[in-house]
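Excluded from the calculations below are hydrogen atoms, water molecules and symmetry mates; all remaining heavy atoms, backbone and side chain alike, are included. Throughout, protein chains are lettered first and strands after them, A, B, ... in sequence-line order, and every chain is numbered starting at 1. Remember, it's a predicted structure, so these values are computed and weren't measured experimentally.
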There are 2 protein chains.
Amino acid sequence: MSRRSYSQFCATAKTLDVVGERWTLLIIRELVTGPKRYKDLLESLPGIGTSLLAARLRHLESAALVRRTELPPPAGSTVYELTESGRDLEPAIMAIARWGLKWALGEPTPDEVFRPGWAVLAMQAAYDERAAANIDETYEFRVGDDVFHARVQDGAVQGRHGPAHEPDLVITATAEAFMQLAAGQATIEQAAKQGRITAAGSRIALRHCSAIFKRP
Amino acid sequence: MSRRSYSQFCATAKTLDVVGERWTLLIIRELVTGPKRYKDLLESLPGIGTSLLAARLRHLESAALVRRTELPPPAGSTVYELTESGRDLEPAIMAIARWGLKWALGEPTPDEVFRPGWAVLAMQAAYDERAAANIDETYEFRVGDDVFHARVQDGAVQGRHGPAHEPDLVITATAEAFMQLAAGQATIEQAAKQGRITAAGSRIALRHCSAIFKRP
DNA sequence: CGGCATCCATTTTGATACTG
DNA sequence: CAGTATCAAAATGGATGCCG
């Protein structure tokens, strides 16, 4: 009944009291790119088990990091979305992702699952600040049935779920090819030239996009 | 025997595979301010249980985030210290701490333990960038038997264990008073004026220190 | 003592089955 | 679709024992 707590007067420990349990931060990660339904969360978190997801969501709701909302008609489905305090975890998740990109990610292995949204968040976590400076463009990524976009503005990047408003570039790729990009095995420009992905839009935007998200 | 993994090709999940288990990030937090002995770690992590700490340290060593080292004579004791990849988690821990300062810390409660080192790390996590600009000073904090220092240089702050080399200011306080400061209940200058802490050093440095670490 | 390893009662989790 | 119910397996925490 009583949640486990570190009982430390420490900002780090207090945060982990709220989001430190298994799966919790990954649920937040899923919601950073936009609201999701229960079954979409289940789909993105293989292995979580339905009752544990429900318990975590209940906890995050009671901690006011997540809100249950009815989507406006005609959708009408109930979705989970981040509140202000939940969104405020984005910098922490990005810092964690940067560490993983540098020290732990490596090459994909056959037993690892992959979702395009994770790569979009990685793009937001680690982009080339020099290349992104003074750019105001939006790139749309269509990967299998999933659509994401990355907005580059004011030297920052936002990776979000759903189509872009007026994209300067539309990248279409298989999940396989997109994962290769996330693994840093090629730049977007190279993959487009080789026909492994298709890029529709201005050639300039393609060059920008490739430079901003080139992995070193 | 086999460690639990999310098995996701995702930078965030991969990081949590390494440091996401209970206590792990708090062990790293303890080592951010400097190397520590096994028993000091136990002391700073009430409730962990000796075998779990040993297991976590073994894991962190095998993951190359932590290294076991013999301290040079005359100390000669064995300590645990962060490797390069371990130190590289500092930004993530600071981001987590900033969230906790903003959304979860609140006032200390009687059941919560407190260690001065945690407050020093919080100072590093959330300081006033404007006030820290163009300052090159070091402040020493003596709290009970513990000594820490904060180095302000190049607009950044480093909170570390042990005495400062040539401190511009030496703050002496009880753990109780230092905790009050960490809770944001007074500025350092106010607490010094009220005699709840003592400050030795230049009046200018005291003003700087107070401004840099004032909590809004 | 410091630095663990072992044993055991409690919690947490993962997987599956089931319901409104 | 959005969960709840159930139950076995794993992780945790506490106490205690061992060893240089």
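In this structure, A:Tyr80 reaches the D:dG3 phosphate: one of its side-chain N or O atoms is under 4.0 Å from OP1 or OP2. Phosphate proximity of D:dT4 to A:Arg58: present, with a side-chain N or O under 4.0 Å from OP1 or OP2.
Listed by chain and residue number, A:Glu30, A:Lys36 satisfy the side-chain contact (heavy atoms from CB on, under 4.5 Å) test with A:Ser44 (two or more places apart in sequence, or in another chain). Qualifying side-chain hydrogen bond (donor to acceptor under 3.5 Å, both in side chains) partners for B:Trp23, counting only residues two or more places apart in sequence or in other chains: none.
One can place CD of B:Glu70 at 16 Å from P of C:dG2, the figure rounded to the nearest angstrom. The nearest whole Å value for the distance from the CZ atom in A:Arg3 to the C1' atom in D:dT12 is 15 Å. Residue B:Leu60 contributes atom CG, which lies 16 Å from atom C1' of C:dC4 at whole-angstrom precision. Rounded to an integer number of Å, the gap from CG of A:Leu16 to P of D:dT12 is 14 Å. Remark: C1' of C:dA5 and CG of B:Leu53 are 13 Å apart, rounded to the nearest angstrom. Here the C1' atom of nucleotide C:dC4 and the NE2 atom of B:His59 are 19 Å apart, to the nearest Å.
Ion pairing of A:Glu21 with A:Arg4 is absent here, as no side-chain N (NZ or NE/NH1/NH2) approaches a carboxylate O to less than 4.0 Å.
With 3.5 Å as the limit, one finds a donor-acceptor pair spanning the side chains of A:Arg68 and A:Tyr80. Between the side chains of B:Thr172 and B:Arg142, no donor-acceptor pair is found at a separation under 3.5 Å.
Here ring pair (Phe, Tyr, Trp, His ring centres under 6.0 Å) pairs that include residues 163-182 of chain B, with residues two or more places apart or in two chains, are B:Phe141-B:Phe178.
Screening A:Leu31, A:Ile28, A:Asp88, A:Ile27 against A:Leu65 for a side chain to side chain contact (heavy atoms under 4.5 Å, CB included) leaves a single residue, A:Ile28.
Around the CG atom of A:Asp145, the shell of radius 6.0 Å holds no more than 12 heavy atoms that belong to other residues, nucleotides or ligands. When the shell of 6.0 Å around CD of A:Gln153 is examined, it contains more than 12 heavy atoms from other residues, nucleotides or ligands.
Helix-axis bend for the helix from C:dC1-D:dG20 to C:dG20-D:dC1: the local axis fitted to the five terminal pairs at one end deviates from that at the other end by 30°, rounded to 10°.
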Could you run down nucleotides 13-20 of chain C 5' to 3' and tag each one B, S or - for protein heavy-atom contact under 4.0 Å? SSBBB---
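Sorted by residue number, the members of residues 27-42 of chain A with any non-hydrogen atom under 4.0 Å from DNA chain D read A:Arg37, A:Tyr38, A:Lys39.
Taking both residues in full, the closest heavy atoms of A:Pro108 and A:Gln185 are given as CD-NE2, 4.5 Å, listed atom of the first, atom of the second, then distance. Of all heavy-atom pairs between B:Ala186 and B:Arg196, the closest is CB-NH1, 4.3 Å.
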